[in-house]
Amino acid sequence: MDKAANAHLHRQLVKLGDMIGDGLHLEPDGKWISKEYRQVAQALGLLPKEDRSARIEAINKQMVKRVADVKCGKCNGELKQTRSGAKRAKCQSCGGLWQLLK
Ligand SMILES: [Zn+2]
């Protein structure tokens, strides 16, 4: 990576960090902030990719157990993890979202 790109990423990281400090990433339309923060930090080598995929794998494993044990609290339907690495599952019958891991 050249110096200019590196400096640009660092400025972005600081900017995003400030937004997170202000709590903007917790707003309904602010999810991209923490996502982009991770991506930028990863591009700068601050977050090793291996750790992340290992964590996702651990979550997925736990989620396989959770969706087997837990049914939808509204309609008793089958739950399915929303996406790889997610701690939430979606009911396949009514579309309800459930937080299965903390
Ligand atoms: Zn349901």
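Here the structure is a predicted model, which means the values were calculated and not measured. Whatever order the structure lists them in is the order used to number ligands and atoms, beginning at 1.
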Item to check | Closest approach of G77 to S93 (non-hydrogen atoms, all atoms of both residues) | outcome: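 So the two residues come closest at CA-OG, 3.8 Å.
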Checklist entry - Hey, what do you get for CG (L79) to CG (D69), rounding to the nearest 0.5 Å? => result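 One gets 11.0 Å once the value is rounded to the nearest 0.5 Å.
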Checklist entry - Of K15, M19, Q12, H25, which meets side-chain contact (heavy atoms from CB on, under 4.5 Å) against E36? => result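 The single option meeting the side-chain contact (heavy atoms from CB on, under 4.5 Å) with E36 is Q12.
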Checklist entry - Got a donor-acceptor contact below 3.5 angstrom from the D22 side chain to the L24 backbone? => result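 Pair absent, no side-chain N/O of D22 close to backbone of L24.
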Checklist entry - Do the side chains of W98 and R66 get nearer than 4.5 Å, heavy atoms only? => result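 A side-chain contact is absent here, since even the closest heavy-atom pair is not under 4.5 Å.
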Item to check | Residue and atom, protein N/O/S, under 2.8 Å of the Zn ion (ligand 1) | outcome: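 Listed by chain and number, the nearby protein N, O or S atoms are C72 SG, C75 SG, C91 SG, C94 SG.
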Checklist entry - Should we say atom CZ of R38 is surrounded by more than 12 heavy atoms from elsewhere, each under 6.0 Å from it? => result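 More than 12 within 6.0 Å, yes.
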